[in-house]
Amino acid sequence: MAKPYKCQKKGAGRHVQLPEWLQASEAWATLPPGPRALYIELKRRYNGGNNGDIILSHRDAATALNVHRNTVGPWFRELEERGFIAMTQAPHLGPSGIGTASVWALGELPTRDGKPATKRFMSWRKKQKPRTKNRTPRHNGCDSQLANAVKQPAAVLKIVT
């Protein structure tokens, strides 16, 4: 016989787990909020055995994140460039004219077909801007025409009547 206080319990429900080592990576730390939300939505659709078969179109992602569908395209590219996700099947129109959405794989987990996790985002580094030359400041009176012009007295014009 079940105990009366346990009758209503169904479990804790589903959750999305973001490991500490993923959050500590430079790729995650510099990621803007929009792509982070998209990654969490992709991870939400992962059920423990479908990595490499996660289906998420731009329209579905836009609806889930409550943004315009043109907004999520750069977010997908950002996540791909950093190595968080990889496209396993591109979107296309089928023979009957019905479109199929993109199929994605998460980079932190092994795929369904046995390929190990790539974890490319761990080696991602922020592109640094090229350094400008550091000019050493010149000391006073050195090779400057302006400095020489200041040292010489100015010519005085006399008006003769």
Side-chain angles (χ1 to χ4, degrees), residues 2 5-139 142-144 146:
Y5 63 88
K6 290 192 174 183
C7 291
Q8 299 297 323
K9 283 193 166 184
K10 300 282 185 190
R14 294 181 60 192
H15 62 277
V16 175
Q17 183 179 12
L18 293 175
E20 177 62 31
W21 56 268
L22 180 135
Q23 295 179 41
S25 68
E26 183 179 353
W28 184 265
T30 57
L31 196 63
R36 283 187 188 195
L38 179 61
Y39 183 78
I40 291 170
E41 184 60 34
L42 276 163
K43 186 109 184 220
R44 190 173 154 243
R45 293 170 187 254
Y46 171 68
N47 65 12
N50 66 338
N51 193 23
D53 295 328
I54 301 171
I55 298 171
L56 184 61
S57 67
H58 286 217
R59 288 176 193 249
D60 290 343
T63 303
L65 299 174
N66 199 22
V67 294
H68 193 268
R69 70 175 189 271
N70 294 342
T71 306
V72 296
W75 294 354
F76 274 108
R77 277 192 299 281
E78 181 82 22
L79 288 173
E80 273 189 292
E81 288 171 2
R82 293 181 185 229
F84 285 107
I85 61 174
M87 186 184 296
T88 56
Q89 184 179 357
H92 63 279
L93 284 175
S96 61
I98 297 173
T100 58
S102 304
V103 181
W104 302 96
L106 300 173
E108 66 172 292
L109 302 165
T111 57
R112 188 172 163 166
D113 57 354
K115 293 180 183 174
T118 58
K119 297 181 184 174
R120 287 187 314 125
F121 57 88
M122 293 302 286
S123 61
W124 183 88
R125 298 289 175 253
K126 187 175 181 179
K127 293 180 183 174
Q128 294 184 359
K129 295 178 183 176
R131 290 186 175 194
T132 58
K133 287 187 177 180
N134 289 339
R135 287 188 42 191
T136 56
R138 295 182 181 200
H139 54 283
C142 181
D143 292 338
S144 136
L146 181 61

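Counting from 1, the numbers follow the sequence of the chain as shown.
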So which heavy atom on [X] is nearest to which on [Y], and how close?
| X | Y | answer |
| --- | --- | --- |
| Leu38 | Leu56 | CD1-CD2, 4.1 Å |
| Asn47 | Gly49 | OD1-N, 3.0 Å |
| Ser25 | Phe121 | OG-CD1, 4.0 Å |
| Ala62 | Arg69 | CB-CA, 3.5 Å |

Who pairs with Asn51 by side chain to side chain donor-acceptor pair (under 3.5 Å), at least two apart in sequence or on another chain?
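None.
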
Asn70 CG: over 12 foreign heavy atoms closer than 6.0 Å
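Atom CG in Asn70 is crowded, with more than 12 foreign heavy atoms closer than 6.0 Å.
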
To the nearest 0.5 angstrom, please state how far the [atom1] atom of [X] sits from the [atom2] atom of [Y].
| X | Y | atom1 | atom2 | value |
| --- | --- | --- | --- | --- |
| Ile85 | Lys43 | CD1 | NZ | 13.0 Å |
| Leu42 | Ile55 | CG | CD1 | 12.0 Å |
| Leu106 | Thr111 | CG | OG1 | 10.5 Å |

Flag, side chain of [X] to backbone of [Y], donor-acceptor distance under 3.5 Å:
| X | Y | value |
| --- | --- | --- |
| Arg120 | Gly107 | no |
| Arg14 | Arg44 | yes |
| Gln23 | Leu18 | yes |
| Thr88 | Gly52 | yes |
| Glu78 | Leu31 | no |

Please step through side-chain contact (heavy atoms from CB on, under 4.5 Å) for the pair Glu108 and Tyr46, ending with a clear verdict.
CA-CA 12 Å; Glu108 66 172 292; Tyr46 171 68; over 6 Å; no

Ring centers of Phe84, Trp124 separated by less than 6.0 Å
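Between Trp124 and Phe84, which both carry aromatic rings, the centre distance is not below 6.0 Å.
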
With side-chain hydrogen bond (donor to acceptor under 3.5 Å, both in side chains) as the test, would you mind laying out the steps for Thr30 and Arg82 before giving the verdict?
CA-CA 10 Å; Thr30 57; Arg82 293 181 185 229; 2.7 Å; yes

So, using side chain to side chain contact (heavy atoms under 4.5 Å, CB included) as the criterion, who are the partners of Met87 when residues are at least two apart?
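With neighbours one apart ignored, the set is Glu80, Ala90, Pro91, Ser102, Trp104.
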
Does the side chain of Lys119 reach to within under 4.5 Å of the side chain of Trp21, using non-hydrogen atoms?
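They are in side-chain contact.
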
Any idea how Trp28 and Tyr39 line up, ring-wise: parallel (<30°), tilted (30 to 60°), or perpendicular (>60°)?
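Rings of Trp28 and Tyr39: perpendicular, as their planes differ by over 60°.
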
Whether Glu81 and Arg77 form a salt bridge (side-chain N of Lys/Arg under 4.0 Å from carboxylate O of Asp/Glu) is what I want to check.
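No salt bridge links Arg77 with Glu81.
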
